[in-house]
Amino acid sequence: MTVSASVTFVGNATTVLRLGDFTLLTDPAFGPAGSRVYLGKGMWTRRLVDPALEVVDAGALDAVLLSHLHGDHFDRFARRDLPPEIPIVTTVQAQRRLRRFRFTAAHGLPTWDSTQWERGTQRLRITAVPGRHGPGLVDRLLPDVMGSVAELEVDGSCRLRLYITGDTLYGPHLSEIPRRCGEIDAMLIHLGGTRVLGMLLTMDDRQGVATTRLIKPGLTVPIHNDDYKVQKTPLATYLKRAGEEGLPGIRPVTRGETLEIPVRV
């Protein structure tokens, strides 16, 4: 059976993933440039760039995939416009808050647990994988974050394994992902070098290159780069370092662009 996969980049960590017969929305944030989002602990940031879409057709979605509950990943516009019955796959911590926000189908996944959908001979499995949003004890003060591995199977055969990093820093916890999940075909990597009070909270160019080298995906799509004021490391810095180190398969994507993701034959 012929299947295809693609990612449409909306902005920051918001994408529309079409994986075979399934459609996912990741980390929905639709606020316009100039809007402010709350990061917790009395901290705010401002959006610098408009998203490519103001809203998506929720009826076309199988689920929302939410790495964590921060204002730049699930903003007030998403909270207002998404229907309360839409399935949201997220962390256990975020599930509790989302249900208080009226999202009754929020489903929290502990690390290494999975959920799946089936349609005909196709199956899409989402596995929660480790993420650390901050250094050392600071991580405990921030929302729990998860990476996700999406596996598309057709007739029982894996045709695509896609890793979405979430807002994690580089570290030994990432080495478990290819070891436990298997070869990664493609990766959406959250970069930006986010800094709050001088602390690095998302991967900068050095950590991004180290993660790309560790995971060894066939295709790497860098996102979460320059939408918000707290993001301090430009995409060009990561691309330059990756080029100097000879890392293959890195493909930037512009807002509104749809990029095909190769699937196994």
Side-chain angles (χ1 to χ4, degrees), residues 1-8 13-28 56-69 73-74 78 82-99 103-131 144-166 168 173-174 176-190 215 217-219 221 260-265:
M1 173 185 288
T2 301
V3 294
S4 63
S6 68
V7 54
T8 299
T14 309
T15 70
V16 178
L17 295 174
R18 298 176 180 89
L19 308 176
D21 289 343
F22 306 94
T23 303
L24 302 177
L25 173 67
T26 68
D27 292 345
V56 297
D57 178 10
L61 299 174
D62 290 285
V64 171
L65 187 56
L66 178 62
S67 62
H68 67 303
L69 200 54
H73 290 253
F74 194 91
L82 288 173
E85 68 277 6
I86 193 166
I88 302 178
V89 180
T90 188
T91 66
V92 173
Q93 182 190 69
Q95 171 198 287
R96 293 193 289 264
R97 290 189 61 196
L98 287 166
R99 288 188 176 180
F103 291 99
T104 55
H107 177 46
L109 283 181
T111 303
W112 302 119
D113 276 12
S114 300
T115 190
Q116 64 184 32
W117 298 267
E118 295 186 10
R119 186 164 294 136
T121 62
Q122 298 187 27
R123 174 186 298 161
L124 181 66
R125 179 185 299 109
I126 303 294
T127 301
V129 299
D144 291 346
V145 64
M146 73 176 195
S148 305
V149 172
E151 294 176 279
L152 177 64
E153 294 183 0
V154 180
D155 294 323
S157 176
C158 181
R159 303 290 293 275
L160 174 66
R161 189 172 290 120
L162 169 68
Y163 170 40
I164 306 159
T165 67
T168 187
H173 58 284
L174 299 183
E176 286 289 289
I177 295 167
R179 189 180 70 82
R180 294 181 63 153
C181 294
E183 180 182 357
I184 301 297
D185 301 298
M187 174 172 69
L188 300 185
I189 185 170
H190 291 201
I215 300 298
L219 172 69
V221 182
E260 295 299 314
I261 302 174
V263 298
R264 304 178 191 177
V265 178

Exercise for review: Determine the minimum heavy-atom distance between Arg99 and Thr104, stating which atoms define it.
Suggested key: NE-O, 3.8 Å
Check your understanding: Does some side-chain heavy atom of Val129 sit less than 4.5 Å from a side-chain heavy atom of Glu176?
Key -> no
Review point. Are the side chains of Leu65 and Met146 in touch, meaning some heavy atoms are under 4.5 Å apart?
Key: yes
Exercise for review: State the CG-OG1 distance between Leu98 and Thr91, to the nearest 0.5 angstrom.
Suggested key: 8.0 Å
**Study point:** Verdict with supporting geometry, Asp144 and Val92, side chain to side chain contact (heavy atoms under 4.5 Å, CB included)
**Key:** CA-CA 8 Å; Asp144 291 346; Val92 173; over 6 Å; no
Exercise for review: With rounding to the nearest 0.5 Å, note down the distance linking CG in Leu25 to CG in Leu66.
Suggested key: 9.5 Å
**Study point:** Gln122 CD to Glu153 CD distance, which is reported to the nearest 0.5 Å
**Key:** 11.0 Å
Point to revise | Contact summary for Ile261 and Ala186, nearest pair of heavy atoms | key: CG2-CB, 3.9 Å
Review point. Counting only N and O atoms by type, is there a donor-acceptor contact under 3.5 Å from the side chain of Arg119 to the main-chain atoms of Asp21?
Key: yes
Check your understanding: Atom CG in Leu19, atom OG in Ser4: separation rounded to 0.5 Å?
Key -> 9.5 Å
Point to revise | Member of Asp185, Leu160, Thr127 meeting the side chain to side chain contact (heavy atoms under 4.5 Å, CB included) criterion with Glu151 | key: Thr127
Review point. Rounded to the nearest 0.5 Å, how far apart are CD1 of Ile189 and OG1 of Thr168?
Key: 10.0 Å
Point to revise | pair Leu24-Leu124: side-chain heavy atoms closer than 4.5 Å | key: yes
Practice item. Look up atom CG in Leu152 and atom CZ in Arg161, then write down how far apart they are to the nearest 0.5 Å. Key: 11.0 Å
Check your understanding: Going by heavy atoms in the side chains, are Val56 and Thr14 under 4.5 Å from each other?
Key -> no
Check your understanding: If you look at every heavy atom in Pro110 and Ala128, which pair is closest and at what distance?
Key -> O-CB, 3.6 Å
Check your understanding: Do Ser67 and His190 get their side chains close enough for a donor-acceptor pair, meaning under 3.5 Å?
Key -> no
Revision key, fill the gap. Between Phe74 and the options Ile88, Asp27, Thr90, the side chain to side chain contact (heavy atoms under 4.5 Å, CB included) test singles out Ile88
Check your understanding: For Gly108 and Gln95, which heavy atoms make the closest approach, and how far apart are they?
Key -> N-OE1, 2.6 Å
Practice item. Return the minimal non-hydrogen interatomic distance between Leu69 and Ala94, and the atom names on each side. Key: CB-CB, 4.0 Å
Check your understanding: Just checking, is any N or O donor in the side chain of Thr8 or Arg18 under 3.5 Å from an acceptor N or O on the other one?
Key -> yes
Check your understanding: With a 4.5 Å heavy-atom cut-off, do Leu188 and Leu17 have their side chains touching?
Key -> yes
Point to revise | Considering all heavy atoms, the nearest Ala78-Pro28 contact | key: CB-O, 3.4 Å
Check your understanding: For Trp112 and Ile177, what are the C-alpha separation, side-chain angles and deciding distance, and is it a side chain to side chain contact (heavy atoms under 4.5 Å, CB included)?
Key -> CA-CA 9 Å; Trp112 302 119; Ile177 295 167; 4.3 Å; yes
Check your understanding: If only atom types and distance count, is the side chain of Thr26 paired as donor or acceptor with the main-chain N or O of Thr15 below 3.5 Å?
Key -> yes
Check your understanding: Is Met1 close to Val3 at the side-chain level, that is, under 4.5 Å between some pair of heavy atoms?
Key -> yes
Review point. Are Cys158 and Arg264 close enough that some pair of their side-chain heavy atoms sits under 4.5 Å apart?
Key: yes
Review point. Taking C-beta and beyond as the side chain, do Val149 and Arg125 meet within less than 4.5 Å on heavy atoms?
Key: no
